[in-house]
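In this text the structure is predicted, and so the values were computed from the model without any measurement. FYI, the numbering just counts along the sequence from 1.
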Amino acid sequence: MEAEANSGSPEDSWARIQRPGEGCRTVPLAGHVGFDSLPDQLVNKSVSQGFCFNILCVGETGLGKSTLMDTLFNTKFEGEPATHTQPGVQLRSNTYDLQESNVGLKLTIVSTVGFGDQINKEDSYKPIVEFIDAQFEAYLQEELKIRRVLHTYHDSRIHACLYFIAPTGHSLKSLDLVTMKKLDSKVNIIPIIAKSDAISKSELTKFKIKITSELVSNGVQIYQFPTDDESVAEINGTMNAHLPFAVIGSTEELKIGNKMMKARQYPWGTVQVENEAHCDFVKLREMLIRVNMEDLREQTHSRHYELYRRCKLEEMGFKDTDPDSKPFSLQETYEAKRNEFLGELQKKEEEMRQMFVQRVKEKEAELKEAEKELHEKFDRLKKLHQDEKKKLEDKKKSLDDEVNAFKQRKTAAELLQSQGSQAGGSQTLKRDKEKKNFF
């Protein structure tokens, strides 16, 4: 086999070792090559880059969400205590940088402030769904960029949703069922019974069975720990039977025997957080952090994000196959959408052009009608002006005639007066003369 592989040119040898469509032939190595160090290279690169993990805590106010997070990661996270007076559901996100040995973890904890505190809880799930979709959308937009920087991008997609169930001991609330049903296709849901020390062990066992039955009957898909890997198949299979986990959280350490342990002190006794006979806290920590953290990250990307991405691209018109079920490349899809868009654009341009022409014609008709009305009004005013002018001229002529007649009468009167005064003067002289002659 080695002689056959080494005969001829290197290109011919490679073609004989692996031919397209014929699979790969197994070729023994003559000595150590070194690609068995590839897993070590990946580990070193991953450790140097660090990891991120995002947890969404959903549950009513006062169920101990913050305390459980502090207990899970053995630290004290800063945060403001929530009140029961929130007008609506708000999501509060906090990111922390954790270090364990030489491994760095960027942990993001998202809490639902005010969840279940409103009288009308019908839309309480909507802000949570919108937040999860917003993280998917941000990652999709980064992925669709021409120049992507996904290796340095802070992935804010939710990897695990810890759903806190109130320890009522009866059944799930309708709010819990509706919320989990809306979230099961978007995030890995791990249901947990919070403050499980509030009910007895027998009640707790019945409560777990009741919760599981209601989830199945309502079609709620919770996260199942994977059993396809032989190294963790046995423990994950066992832990799947313990869901939902009944947990207790506490950051207070008490001395029990000769050891300091996290516990809660009650008048009737002490509840040890890390004692598996008291609660399932250790099981939750093992499954969530030590065994299945990477699977939660992988499920988020390969299942939930891919579902969101496919639906989003289909809404945008992208498809993998044409109507004849033949492969359809992204370039062909882009060209088809581009041509469709250009056709719609031209159609809209033609519609707008016709609409513009129609508007212009209507405006021209309105302007012509207005112009006609103005001309008619002008003619009416002009005729009225001429009539008024003629009346004034006639009146002026009449006044002129009256003035002329008055002047003539005045002149005649003055003439008569002057003649009368002359006649009176001559008679007076005649009388004076006669009188003088008399004497």
Side-chain angles (χ1 to χ4, degrees), residues 49-86 89-117 127-128 131-132 134-135 154-167 183 187-197 223 244-254 260-265 271-274 279-294 296-297 300:
Q49 291 179 349
F51 301 90
C52 71
F53 192 66
N54 307 318
I55 300 178
L56 171 65
C57 298
V58 181
E60 298 177 3
T61 306
L63 288 180
K65 298 187 290 296
S66 300
T67 303
L68 183 64
M69 290 297 102
D70 294 344
T71 312
L72 269 176
F73 293 94
N74 198 22
T75 186
K76 179 64 177 176
F77 296 116
E78 297 179 357
E80 299 178 359
T83 63
H84 293 272
T85 59
Q86 297 291 335
V89 180
Q90 299 178 356
L91 278 84
R92 185 181 298 166
S93 176
N94 295 294
T95 302
Y96 310 92
D97 290 321
L98 307 180
Q99 188 78 23
E100 186 176 31
S101 299
N102 65 332
V103 179
L105 177 67
K106 187 181 289 293
L107 176 68
T108 300
I109 299 176
V110 183
S111 58
T112 53
V113 181
F115 182 79
D117 291 338
I128 305 174
F131 178 85
I132 296 173
Q135 312 316 308
H154 174 54
D155 187 4
S156 59
R157 296 173 296 177
I158 300 299
H159 300 125
C161 171
L162 297 182
Y163 197 96
F164 289 70
I165 301 171
L183 296 180
V187 70
N188 302 310
I189 300 177
I190 302 177
I192 58 178
I193 302 173
K195 295 185 175 182
S196 61
D197 54 341
Y223 174 73
F245 293 132
V247 298
I248 302 168
S250 176
T251 56
E252 181 182 359
E253 291 190 351
L254 301 177
M260 297 297 294
M261 304 181 67
K262 289 184 173 62
R264 300 187 76 90
Q265 184 71 48
V271 179
Q272 300 175 22
V273 174
E274 296 178 330
C279 69
D280 297 331
F281 172 79
V282 174
K283 296 182 179 66
L284 173 64
R285 185 175 60 188
E286 291 290 301
M287 292 297 97
L288 180 66
I289 300 175
R290 189 179 70 85
V291 179
N292 298 302
M293 179 179 280
E294 180 55 32
L296 287 164
R297 288 158 41 90
T300 298

Residues K283 and E286 bridged, charged N to O under 4.0 Å
no

Flag the pair [X] / [Y] as yes when at least one side-chain heavy-atom distance between them is below 4.5 Å, and no otherwise.
{"X": "Y96", "Y": "T75", "answer": "no"}
{"X": "V247", "Y": "T71", "answer": "no"}
{"X": "D197", "Y": "P167", "answer": "no"}
{"X": "Y223", "Y": "V187", "answer": "no"}

Looking at [X] and [Y], what are the two nearest heavy atoms and their distance?
{"X": "G249", "Y": "V273", "value": "C-CG2, 4.4 Å"}
{"X": "G64", "Y": "K195", "value": "N-CE, 4.1 Å"}
{"X": "I158", "Y": "F131", "value": "CD1-CE2, 4.0 Å"}
{"X": "T112", "Y": "V89", "value": "CB-CG1, 4.4 Å"}
{"X": "P244", "Y": "D280", "value": "O-OD2, 4.3 Å"}
{"X": "C279", "Y": "S196", "value": "CB-OG, 4.2 Å"}

Measure from the side-chain N and O atoms of [X] to the backbone N and O of [Y], and report whether any donor-acceptor pair falls under 3.5 Å.
{"X": "S250", "Y": "E252", "answer": "yes"}
{"X": "N292", "Y": "M287", "answer": "yes"}
{"X": "D70", "Y": "T251", "answer": "no"}
{"X": "K65", "Y": "E60", "answer": "yes"}

Could you go through V110 and N54, starting from their C-alpha distance and side-chain angles, then the distance that decides it, and tell me whether this counts as side-chain contact (heavy atoms from CB on, under 4.5 Å)?
CA-CA 8 Å; V110 183; N54 307 318; 5.9 Å; no

Checking I289 against F53 for the side-chain contact (heavy atoms from CB on, under 4.5 Å) test, could you report, in this order, the C-alpha distance in whole Å, the side-chain angles of both residues, the deciding distance, and whether it holds?
CA-CA 10 Å; I289 300 175; F53 192 66; 6.0 Å; no

Distance, nearest 0.5 Å, that separates [atom1] of [X] from [atom2] of [Y]:
{"X": "Y163", "Y": "I128", "atom1": "OH", "atom2": "CD1", "answer": "7.0 Å"}
{"X": "M69", "Y": "F77", "atom1": "CE", "atom2": "CZ", "answer": "8.0 Å"}
{"X": "R264", "Y": "T67", "atom1": "CZ", "atom2": "OG1", "answer": "6.5 Å"}
{"X": "L72", "Y": "R285", "atom1": "CG", "atom2": "CZ", "answer": "8.0 Å"}
{"X": "I248", "Y": "L284", "atom1": "CD1", "atom2": "CG", "answer": "12.5 Å"}
{"X": "K262", "Y": "Q272", "atom1": "NZ", "atom2": "CD", "answer": "12.5 Å"}

Q99, CD atom: more than 12 neighbouring heavy atoms under 6.0 Å:
yes

Per side-chain contact (heavy atoms from CB on, under 4.5 Å), H159 is matched among T108, L288, T300 by T300

Please lay out, stage by stage, how L56 and L91 fare under the test side-chain contact (heavy atoms from CB on, under 4.5 Å).
CA-CA 9 Å; L56 171 65; L91 278 84; 4.2 Å; yes

Applying side-chain contact (heavy atoms from CB on, under 4.5 Å), run through F51 and M293 and close with a yes or a no.
CA-CA 10 Å; F51 301 90; M293 179 179 280; over 6 Å; no

